[in-house]
Amino acid sequence: MTQCTLQKKTAGSKQLKVSIITFMILLCVSAFNANAVISPTERAALIALYNSTNGDEWVSNHGWKTPPLHADGFAMPGTEDTWHSLYLNQDDTMVARIIIGSNRLVGSIPPEIGNFADLNYLSLAANQLTGSIPTEIGNLTKLTHLSLNGNQLSGNIPPEIGNLINLNYLYLNDNQLTGNIPPGIGNLTELIYLYLQNNQLSGSIPPDIGNLEDLQGLVLRFNQLTGSIPPEIGNLEKLSNLYLNNNQLTGSIPSEIGNLTRLWQIDLTSNQLSGNIPPEIGGMTYLRYLTFSDNLFTGSIPPEIAGIADLDTLELDNNQLSGSLPPEIGSMTYIDTIDLSHNQFTGSLPPEIGSLTNLNSLWLNNNGFTGNIPLAICNLPELHWLRLENNNLTGPVPLEITNLTSLYNGSNDFRYNHLYTDNDTIRTFMNQKQIDGDWESYQTLLNDELAVDFKTLGIYVYNNETWTRIYRGADPEKLCPFGTQIAIDFGTAFGLYVYDFGALTRVYKGVDIEKLTGVNENLMVDFGSTYGIYEYDYAGDIWERIYKYTSPRDEVIGVGDRLVVDFKDAGLYSYLSGTWDRFYVGVDVEKTVPFGDNLAVDFGTAYGLYLYDFDTDVWTRIYKGVQIEKIVEFDGKLAVDFGTAYGLYVYEPGTDTWTRVYKGVAIEKLAGFDNKLAVDFGTAYGIYEYDFTSDTFSRIYKYSSERDAIVPVNVLD
């Protein structure tokens with residue numbers, strides 16, 4: 001009995017001993033885990049990041065310096081998993097993620113950032129970091145996410161970033177980075193999103209970018225990238241968003257872009273891209289937003305564009321596109337916005353536009369569209385904006401236009417066409433919808449007109465006692481008639497435009513223009529000594545340089561079929577049919593004025609006023625005496641202003657007769673138009689029309705508006 005009891009006690013003691021040992025082991029394991037620490041190297045890297053970015057001033061830095069503190073001034077080793085924005089790996093021995101976005105980090109990224117061997121996620125976005133991206137960042141080969149966007153980082157993108165072969169997300173946008181996109185970016189074959197926008201990156205888009213076959217978002221906009229779009233971009237068949245806008249890209253769109261069949265949005269706005277829109281674009285059937293505005297695209301809209309049946313937005317404005325609108329555009333029935341303004345489109349508006357029943361905005365202004373407003377356009381129930389101004393639309397406005405009840409009041413434009421109505425309902429409706437509330441008084445044909453630049457008030461033409469404003473906006477620098485058009489130089493920022501009976505078309509934007517003159521149907525443009533003189537054929541839209549040397553030019557004028565240039569001390573030259581001929585060198589010329597097919601030249605008071613005959617190479621002096629202030633031709637005569645003291649004279653070469661037609665108030669400007677003479681006596685007295693035959697002055701304008709220029713516009717046949 002006693003023996004049995006003893007045996008039971010011995011067995012129970014063994015079980016207790018085992019339980020105690022098991023408990024001690026678990027306790028030791030638990031204690032070991034509680035004291036797990038990251039390596040001294042990684043801890044030092046964290047402290048370097050904190051100190052380099054002014055951690056004491058972070059919005060949130062809890063845990064980093066929670067007492068008790070270690071000798072290094074930070075919370076004790078083993079507490080790093082409690083530090084704000086840090087995430088350790090599974091066994092708490094290495095830093096796996098650092099996410100300190102929008103936390104007021106100020107300073108630079110330390111090179112120690114490359115010491116986190118197991119780091120897979122790094123975000124320092126939306127802070128105030130400066131300096132460059134350290135090359136050591138290329139050590140983080142396990143990184144899948146890198147966000148440094150929204151800082152003030154500068155310098156180049158380090159080529160070592162190409163070592164991050166596991167990277168899925170790279171956000172370096174909204175900084176001040178410069179230099180090229182490194183070719184090593186093509187090593188990041190796991191990349192899904194690449195955002196580099198809003199920097200100052202330059203150079204070309206590397207063709208290696210075509211290696212990123214898993215890429216879904218490529219955003220390079222608002223940089224200074226140059227060169228062409230590489231055809232390798234067609235390899236990115238998973239791409240859904242492509243933003244290359246607001247760079248300096250040139251060349252044409254590669255046809256390979258048609259491979260991007262999953263693309264949702266493409267924006268190429270504000271570059272210098274040229275050539276045709278490739279028909280392959282019609283294969284991008286998922287596309288919803290297509291924006292190619294503010295480029296140099298030419299040619300027509302390819303009918304294949306109708307293949308993008310679900311397109312929402314089509315913006316091709318401010319290019320040099322031409323031809324007529326393809327009727328296939330009517331199949332894009334989900335489209336909300338079409339902007340084709342400021343191009344060179346012609347022809348009538350296709351009735352198929354009436355099929356676009358979801359259309360909200362239709363901008364067709366500043367083109368050369370002709371014909372009537374189609375009835376079909378009047379059946380678009382969702383239309384809020386309709387811009388048709390500055391075209392050559394003709395005929396009566398259809399009554400059906402009053403069906404467009406969704407048009408916003410005061411937000412649409414029908415001006416500068418040749419439209420009319422005698423229906424008060426139409427008139428009231430259109431005035432209600434029209435910007436500034438008046439469309440009808442701006443409908444006109446141009447014939448034998450006087451064009452006047454009233455500075456900020458706009459450019460007006462005068463015809464048959466009627467003033468019509470043809471432009472109001474940026475203050476132009478120069479006006480020049482050529483053929484039956486007007487060339488208007490709005491300066492480097494806006495470019496050179498041609499006004500052609502309703503349409504205002506930009507034909508050049510770039511180097512500053514010094515002088516303009518018309519030679520018959522073409523326009524001669526002097527871009528200065530560095531770039532030379534060009535001849536522009538408006539009908540063919542062709543620029544041809546006819547002179548490039550460093551010689552400065554005093555005057556550049558058209559005389560009949562030829563161009564006459566005053567090269568100062570180098571003399572007067574005539575350009576005709578590709579040949580330059582010097583026909584005078586000597587006394588400095590003060591003024592040169594076309595006179596029929598010949599030339600009137602003022603050599604100043606000492607030498608007088610001469611007529612030069614190009615056919616006979618004969619100079620004839622017609623006047624020597626009082627200094628001449630202004631000279632213009634009108635109706636085969638010369639009008640010469642000798643100043644307030646002596647008056648305005650008309651010279652008839654056939655009779656060699658001078659006739660004083662006015663003496664009094666100082667004359668500011670002269671222009672011959674419609675076989676008469678326009679005389680500007682300044683804001684106090686106004687503009688007068690002078691008929692030499694009847695010796696009659698008639699005031700055609702008197703207000704306080706200042707005038708920059710007065711030029712004649714040729715008769716429209």
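Since the model is a prediction, treat every value here as computed from it, not as a measurement. What's counted below: heavy atoms across the whole structure, side chains too, no hydrogens, waters or symmetry copies.
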Less than 3.5 Å apart, which donor and acceptor atoms pair up between the side chains of residues 426-439 and the rest of the protein, not counting sequence neighbours?
from   : atom 1 : to     : atom 2 : distance (Å)
Arg427 : NE     : Glu440 : OE1    : 2.6
Arg427 : NE     : Glu440 : OE2    : 3.4
Arg427 : NH1    : Asp424 : OD1    : 2.6
Arg427 : NH2    : Thr421 : O      : 2.8
Arg427 : NH2    : Glu440 : OE2    : 3.2
Thr428 : OG1    : Asp424 : O      : 2.9
Asn431 : OD1    : Trp439 : N      : 3.4
Asn431 : OD1    : Trp439 : NE1    : 3.4
Asn431 : ND2    : Arg427 : O      : 3.4
Lys433 : NZ     : Leu407 : O      : 2.8
Lys433 : NZ     : Asn409 : OD1    : 2.8
Gln434 : OE1    : Phe414 : N      : 2.9
Gln434 : NE2    : Asp413 : OD1    : 2.8
Asp438 : OD1    : Glu440 : N      : 3.4
Asp438 : OD1    : Ser441 : N      : 3.4
Asp438 : OD1    : Ser441 : OG     : 3.3
Asp438 : OD2    : Ser441 : OG     : 2.6

* Partner set under side-chain hydrogen bond (donor to acceptor under 3.5 Å, both in side chains) for Asp312, not counting sequence neighbours -> none

* Who are the salt bridge (charged side-chain N to carboxylate O under 4.0 Å, His left out) partners of Asp422, not counting sequence neighbours? -> none

* Asked: For Trp363, which residues count as a ring pair (Phe, Tyr, Trp, His ring centres under 6.0 Å) partner, sequence neighbours excluded?
  -> none

* For Asn259, enumerate each residue passing the side-chain hydrogen bond (donor to acceptor under 3.5 Å, both in side chains) test, keeping only those at least two apart in sequence or located in another chain. => none

* **Residues that Asn379 engages under side-chain hydrogen bond (donor to acceptor under 3.5 Å, both in side chains), provided they are two or more places apart** => none

* Among residues two or more places apart or on two chains, list those pairs meeting salt bridge (charged side-chain N to carboxylate O under 4.0 Å, His left out) that have a residue in residues 262-282. => none

* Which residues pass the ring pair (Phe, Tyr, Trp, His ring centres under 6.0 Å) test with Phe454, sequence neighbours left out? -> Tyr460, Trp467, Tyr701

* To do: Please name all residues satisfying ring pair (Phe, Tyr, Trp, His ring centres under 6.0 Å) with Tyr420, sequence neighbours left out, ordered by chain then number.
  => none

* Asked: When the aromatic ring centroids of Phe490 and Tyr497 are compared, is their separation below 6.0 Å?
  -> yes

* Under the side-chain contact (heavy atoms from CB on, under 4.5 Å) test, residues paired with Ser694 that sit two or more places apart -> Asp691, Thr696

* **Donor on one side chain, acceptor on other, His342 and Asp317, under 3.5 Å** => no

* To do: Quick one: list whatever passes ring pair (Phe, Tyr, Trp, His ring centres under 6.0 Å) with Phe527, sequence neighbours left out.
  => Tyr508, Tyr534, Trp543

* Just grab all the ring pair (Phe, Tyr, Trp, His ring centres under 6.0 Å) pairs involving residues 302-337, residues at least two apart or on different chains. => none

